[in-house]
J.: 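Pasting a structure below so you can have a look.
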Number of protein chains: 2
Amino acid sequence: MSQMARSLAEFQQLIGWNPQRMWHDFHRQCLPQLSQKNPSRTESRLATIVEATFTLANRQGFHAMSLRQLSDASGMSLGGLYGYFASKDQLAASIHQFIRYQFEQVLLPLIDALPEPQRLDAICRYHLYLSELMQPWFFFAYMEARHQQSDLRKQAIALSERVDVELLLALNAHGEVQEPIIAVGLLKHLLQGWYLRRAHFQKTGVDVDAYTDYLLARITLFCHGETTNDRTLAAL
Amino acid sequence: MSQMARSLAEFQQLIGWNPQRMWHDFHRQCLPQLSQKNPSRTESRLATIVEATFTLANRQGFHAMSLRQLSDASGMSLGGLYGYFASKDQLAASIHQFIRYQFEQVLLPLIDALPEPQRLDAICRYHLYLSELMQPWFFFAYMEARHQQSDLRKQAIALSERVDVELLLALNAHGEVQEPIIAVGLLKHLLQGWYLRRAHFQKTGVDVDAYTDYLLARITLFCHGETTNDRTLAAL
DNA sequence: TTAAAAATCGAACGTTCGTTCGTTATTGAC
DNA sequence: GTCAATAACGAACGAACGTTCGATTTTTAA
C-alpha cells in the first residue's frame with residue numbers, strides 16, 4: 001500500500017504528474033473529435049489553445065471570449081482552431097470532462113486505497129495539491145459550470161455529491177460530527193478557496209503547503225469542536 | 001449606542017430593512033440615468049427588471065443573457081427597457097454600485113459604532129445577514145465582478161481590502177492571530193460561502209441563523225487555535 | 001372630454017459572433 | 001526534388017447581438 005503524500009512535491013511524485021503527461025492525457029481524451037493525425041504536434045497545439053483559453057476565459061468569462069481573441073492569443077487562424085475542437089461549446093465541454101476525469105481516475109482511487117483513518121487528511125491534501133497543479137482548470141470548472149448544458153451540469157453535481165459523501169464518512173471516522181451538513185459544506189468550500197482565491201494568496205506569498213498545513217491542523221477543531229462559551233465570541 | 005443584532009430578524013429591524021425601501025433607495029441611485037418621470041411606477045418597473053436580470057444572469061451569466069431574454073422575462077419591450085438604463089453595461093454597473101453603497105453606507109457605519117471587542121462578531125454577523133437579505137445581489141456581484149471594466153473593479157477591490165483590514169484589526173483584539181494573512185482570507189471566504197452556496201443550504205434546510213451561530217462559535221478557535229498534535233489530523 | 005406629455009413598442013440598423021469552405025502552405029515518404 | 005496527404009488560412013455567411021427611433025398607446029391634468 002502506498003504511503004500518503006504530505007507535501008505538493010511528494011504528491012507530484014506519487015502520481016507522477018508533469019505538464020507533458022497531462023497534455024498527453026488530455027489529447028487522448030480529445031481524440032474522438034480531432035481531425036488532426038500527427039499526435040505530437042497536436043498535443044502541443046492543444047496545450048497552446050487551452051492555455052490561451054484559460055488566460056482569456058478566466059479573466060473575462062468563457063462566453064465573453066470570442067474565437068477571434070482566442071485566435072490572436074493562440075497564434076492560430078480562426079479556421080485552424082476548428083481542427084482541434086468541433087465547436088466553441090465542445091472546447092469548454094472537453095475541459096470540464098478532463099477535470100472530472102482527473103477527479104475520478106486519479107484522486108478517488110488514491111483515497112480509496114488508504115485505510116479509513118487517513119482518508120480525511122488525504123481527501124483534503126490531494127484535493128488541494130491537484131487544484132494547485134491544475135489551478136486554471138479548477139477555476140474554469142467552478143466558474144463556468146453553471147453555464148454548461150444540463151447533462152454536463154448534472155454529472156458535475158453527481159461528482160460533487162460523491163465527494164460530500166466521502167468527506168462525511170471520513171469526518172465521522174474522527175468522532176461525532178456536530179451539524180454535519182454545515183461542516184461538510186464548509187470543508188469543501190475551504191478546499192475550493194485555494195484555487196478560487198489564488199491571486200490573493202500569490203500576492204500575499206502563501207503557498208499550498210502552508211495553506212494545507214494551516215487548514216488540516218484546524219479541521220477537526222472546526223468540525224468536532226465542542227465550543228465552550230469562554231472560547232467563543234458569543235460570550236462577549 | 002445601539003445594541004448589536006444577534007439574529008436575522010433583529011438585524012432587519014435594526015436597519016429597518018424591507019424590499020420596498022431597498023427598491024426606493026435603488027431608484028434614487030439610478031435617477032441620473034433614468035428618462036422616466038413617474039417615481040412610483042419607475043420603482044416597481046426597476047424591481048421587475050433587476051429581479052429578472054438576477055434570475056437570468058445568476059443562472060447563465062450576465063454576458064450570456066440577451067436583452068431579448070430580459071425583455072421576455074420582465075414583460076417589457078426591447079426598446080422600453082432603455083427607459084430604465086442607458087445600456088446593458090450600465091445595468092450591471094448600477095447593480096454593482098448599489099451593493100457597494102449598501103456596504104459603505106449601511107454595514108460599515110453600524111460596525112464603527114460598536115466598541116472594539118464586539119466588532120469581529122458584528123462584521124461577521126452583519127455581513128451574513130445582509131447577504132441573506134440581498135442574496136441575488138451578492139451572488140451577482142461576486143460572479144460578475146471580474147467582467148467589469150477596470151475602474152469599477154478597482155473600487156470593488158478597494159472595498160474588499162478595507163474589509164480585510166477591519167477583520168484583521170477585529171481579530172487581533174481577541175489575541176495574537178496565527179498566520180493572519182491566511183486567517184483573514186479564510187474568514188472572508190467563509191462569509192462569502194453563505195451567498196455562494198445558497199442553493200446547497202436551501203436544499204439541506206440550513207438557515208442563516210444556524211450558519212451564523214455555527215461559524216461564530218468556531219472563528220476564534222480557527223484563527224487563534226493553538227493546535228496540539230493530539231487534536232489534529234497530522235498526528236495520524 | 002381633450003390635448004399635451006410620458007411611456008411603450010418593435011421593426012430595422014450596424015456590428016460582431018460562431019462557423020464554413022475553397023484556397024494556399026506545409027509536411028513527410030520515396 | 002516530387003507529389004500526395006495533411007494542416008492552416010482568412011474571406012465570407014447567416015444568425016444573433018445591443019441599440020436606435022419614429023409610430024403608437026397610455027397616462028396625466030385641466
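Naming convention: chains lettered A, B, ... in sequence-line order (proteins, then strands); numbering from 1 in each chain.
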J.: Using a cut-off of strictly less than 4.0 Å, decide whether A:R45 has a side-chain nitrogen or oxygen near OP1 or OP2 of D:dA8.
T.: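 Indeed, a polar side-chain atom of A:R45 lies that close.
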
J.: Can you check the B:N38 CG to C:dA7 P distance for me, whole Å?
T.: 7 Å

J.: Rounded to the nearest Å, what distance is computed from the CG atom of residue B:L70 to the C1' atom of nucleotide D:dA16?
T.: 16 Å

J.: Among the candidates C:dA11, C:dA7, D:dA8, find the nucleotide nearest to the side-chain atoms of B:L78.
T.: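 Nearest to the side chain of B:L78 among the choices is C:dA11.
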
J.: So if I apply the side chain to side chain contact (heavy atoms under 4.5 Å, CB included) rule between A:F138 and each of A:L133, A:L191, A:I99, which one comes out positive?
T.: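 It is A:I99; the other options fail the test.
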
J.: If you assign B:Y82 and A:G83 each to the DNA chain D nucleotide with the nearest heavy atom, which residue ends up on the more 5' nucleotide?
T.: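 Its nearest nucleotide being more 5', the pick is A:G83.
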
J.: Look at the aromatic rings of A:F62 and A:F140 and report parallel, tilted or perpendicular, splitting at 30° and 60°.
T.: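 Perpendicular, since the angle between the ring planes exceeds 60°.
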
J.: So, OP1 or OP2 of C:dC9: does either fall under 4.0 Å of a side-chain N or O from B:S77?
T.: yes

J.: Under 30°, 30 to 60°, or over 60°: which ring-plane class applies to A:Y129 and A:F11, parallel, tilted or perpendicular?
T.: tilted

J.: Rounded to whole Å, please give me the gap between CG in B:L67 and P in C:dA11.
T.: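 Taking CG of B:L67 and P of C:dA11, I get 16 Å after rounding.
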
J.: Give the rounded distance in Å between these two atoms: CE of A:M65 and P of C:dT19.
T.: 11 Å

J.: Measure the distance from CD on B:Q69 to C1' on D:dT19 and round it to the nearest whole Å.
T.: 17 Å

J.: Just how far, in rounded Å, is P of C:dT27 from CZ of A:R41?
T.: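 Interatomic distance, CZ of A:R41 to P of C:dT27: 6 Å.
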
J.: Can you tell me if B:Q36 touches the phosphate of C:dT8, counting only side-chain N or O atoms and a distance under 4.0 Å to OP1 or OP2?
T.: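 Yes.
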
J.: Taking for each residue the nucleotide of DNA chain D with the nearest heavy atom, is it A:G79 or A:S35 whose nucleotide lies nearer the 5' end?
T.: A:S35

J.: Please determine, for the side chain of A:K88, which listed nucleotide (D:dA7, C:dA7, C:dT19) has the closest atom?
T.: C:dT19

J.: May I ask you to establish whether A:K88 and A:Y82 are in a cation-pi arrangement, using a distance under 6.0 Å from NZ or CZ to the six-membered ring centre and at most 45° from the ring axis?
T.: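 Because its charged atom misses either the 6.0 Å distance or the 45° angle limit, A:K88 does not stack over A:Y82.
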
J.: Nearest whole Å is fine: how far is D:dC17 C1' from B:Q60 CD?
T.: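 About 14 Å, once rounded to whole Å.
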
J.: At under 4.0 Å between heavy atoms, what does A:R68 touch on the DNA or RNA strands: base, sugar-phosphate, or nothing?
T.: base

J.: Please determine, for the side chain of B:Y84, which listed nucleotide (C:dC9, D:dA7, C:dA7) has the closest atom?
T.: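 Output: C:dA7.
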
J.: Is there a donor-acceptor contact under 3.5 Å from the side chain of B:Q33 to the main chain of B:F85?
T.: no

J.: Rounding to a whole Å, what distance do you find between A:K37:NZ and C:dT26:C1'?
T.: 17 Å

J.: Looking at D:dA7, D:dT20, C:dC9, which one has an atom nearest to any side-chain atom of B:M76?
T.: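 Closest nucleotide to the B:M76 side chain: C:dC9.
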
